[in-house]
Amino acid sequence: MEKLNNSIDRSWIDKRNQPFIISGPCSAENEEQILETANRLNSSYVQVFRAGIWKPRTKPNNFEGVGKKGLEWLSKVKKNTGLMLATEIANAEHVKLAISFGIDILWIGARSTASPFTIQEIADAMEGERNQIILVKNPIHPDIELWIGALERLLSKGIRKLGVIHRGFYTYKNSKYRNQPNWNLLLNFRKKFPRIPILCDPSHICGSKEGIFDIAKKAYHFQCEGLMIESHCDPDSAWSDAKQQITPENLLKMLKELTYIEKYDQKSQKYLDSFRIFIDELDENIISLLAERMNISKKLGTLKKASDIEIFQPNRWKDIMEKSINLGKNLGISEELLEGIFKLLHQESIKIQNQIR
Ligand code: PEP
Ligand code: MN
């Protein structure tokens, strides 16, 4: 672990005194879309043009990317605009092709980071490519060790220009996010590996245009070195992730409004604000769990009605209360607090079930 942190080469990101911004479409669709999007990006704010050439899709028969010919379009972008290039790679063949077309930054997608076999294949293909920058997106689920493991596999092949991208984590809960951000985990990551650059991908966290600005602001608050934001010359007609892409002009407006935050210490107001962000995030989780609990209560109410069962079951209630208080005790939560909360929950549940009856 110590080795990972100390071996990181930050030269590619430190040479700029401004946030590192990667933008471009989710997928390359055709040459015109690529060139137009790239031309409309403002190169004073955006350093890297991104486009997915090989797309990992959840279900088969969706658009899976244009493949190699997209790399030719990307080469033209570099020639026309001078922007650096980035694309997602997921196997050894992708690595070889992308490097042969002069792609400056390769990123590993969230689904690939979750697979040690895939990462090992990529790392093996990277052997000898010491100058290549590789960004590793967080795995789909919040397993920080799996994320670190991917970095270690790359490092062991001599890749030192590494960075990570926070793109949020899958959640089964109802959530306003497509992928739940986890700032607390990110802060722990930073504490363990202060030298590894962290970028944030608000587009895949939000899954919609709304909220991108707020997540980008939080990313800066948590001292992320940069952002990856999807942009498209005509977002509504995009072949993948249409809902979350924004125009290059809207991106510029957003970037101008964001102010990069200077480093701060534990005594500052900013540090305090971090904890408020954690609390807000946890409150959102508590509320969505409460909604889920109430939904089950409703279903239970319907079943009890159909089977003509008494709504209030004293033994079951006693059992819930005892179990909750014991669990809380082990976690350092006071008995009064839990008793109060569970009484309220129980009352609400009974009320809902009475309404059904
Ligand atoms: C992408 O960047 O278009 C992408 C597929 O991202 P992720 O791996 O975060 O889902
Ligand atoms: Mn996408």
Side-chain angles (χ1 to χ4, degrees), residues 20-29 33-34 37 41 46 48-60 62-67 70-71 74 84-91 94-95 98 103-115 118-119 122 133-143 146-147 150-151 163-171 175 177-182 185-186 198-212 215-216 219 224 226-248 251:
F20 195 77
I21 308 293
I22 303 175
S23 189
C26 178
S27 306
E29 298 160 9
Q33 168 243 10
I34 285 296
T37 307
L41 287 167
V46 177
V48 186
F49 184 73
R50 67 151 275 161
I53 299 293
W54 301 283
K55 300 301 298 176
R57 304 310 296 269
T58 304
K59 298 253 175 73
N62 279 328
F63 170 61
E64 292 188 321
V66 293
L71 293 170
L74 286 179
M84 290 168 80
L85 301 173
T87 200
E88 173 173 352
I89 43 90
N91 62 35
H94 297 167
V95 170
I103 305 295
D104 306 277
I105 299 180
L106 310 181
W107 86 79
I108 297 176
R111 293 160 194 79
S112 302
T113 310
S115 162
T118 297
I119 296 295
I122 293 170
I133 304 168
I134 296 224
L135 302 177
V136 182
K137 286 198 173 193
N138 64 255
I140 299 275
H141 48 296
D143 182 345
L146 202 54
W147 203 1
L151 295 166
V164 296
I165 304 178
H166 174 41
R167 52 77 82 195
F169 299 91
Y170 173 78
T171 168
S175 163
Y177 299 112
R178 178 179 179 192
N179 293 292
Q180 187 86 30
N182 191 330
L185 181 142
L186 210 65
I198 302 178
L199 307 188
C200 179
D201 172 350
S203 307
H204 289 89
I205 289 178
C206 295
S208 67
K209 298 174 181 56
E210 296 75 43
I212 292 182
I215 292 293
C224 289
L227 303 169
M228 179 190 258
I229 296 182
E230 286 184 342
S231 59
H232 192 292
C233 54
D234 180 12
D236 293 339
S237 66
W239 297 2
S240 61
D241 288 352
K243 280 196 257 164
Q244 71 193 32
Q245 303 199 60
I246 57 175
T247 61
L251 173 74

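If you're wondering where the values come from, they're calculated on a predicted model, not measured in any experiment. In listed order, ligands and their atoms are each counted from 1. Values below: every heavy atom of this structure, side chains too, minus hydrogens, waters and symmetry copies. Numbering starts at 1 and runs along the sequence shown.
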Atoms of ligand 1, numbered as shown, that sit under 4.0 Å from any heavy atom of Gly109 | 8 (O)
Among protein heavy atoms, which sits nearest to atom 6 (O) of ligand 1, and what does the distance come to when rounded to 0.1 Å?
-> Lys137 NZ, 2.9 Å
Any nitrogen or oxygen of His204, main chain or side chain, under 3.5 Å from a nitrogen or oxygen of ligand 1?
-> yes
Just by distance, with hydrogens left out, do Ser23 and Ser231 show a side-chain donor and acceptor under 3.5 Å apart?
-> yes
N or O contact, Ala110 vs ligand 1, cut-off under 3.5 Å = yes
Are a donor atom and an acceptor atom from the side chains of His204 and Asp241 found within less than 3.5 Å of each other?
-> yes
Can you tell me which residue and heavy atom of the protein come closest to atom 9 (O) of ligand 1, and the distance to 0.1 Å?
-> Arg167 NE, 2.6 Å
For ligand 1, the portion of Met228 having any non-hydrogen atom under 4.0 Å away = neither
With only distance considered, is Asp201 within less than 3.5 Å of ligand 1 through an N or O on each side?
-> no
Would you check whether Cys26 reaches within less than 4.0 Å of ligand 1, judged by its heavy atoms?
-> yes
Heteroatom proximity flag, Glu230 to ligand 1, N/O under 3.5 Å | yes
Could you tell me the residue and atom name of the protein heavy atom closest to atom 5 (C) of ligand 1, and the distance to it rounded to 0.1 Å?
-> Glu88 OE1, 3.6 Å
Is it true that Arg50 and Glu230 have a side-chain N and a carboxylate O under 4.0 angstrom from each other?
-> yes
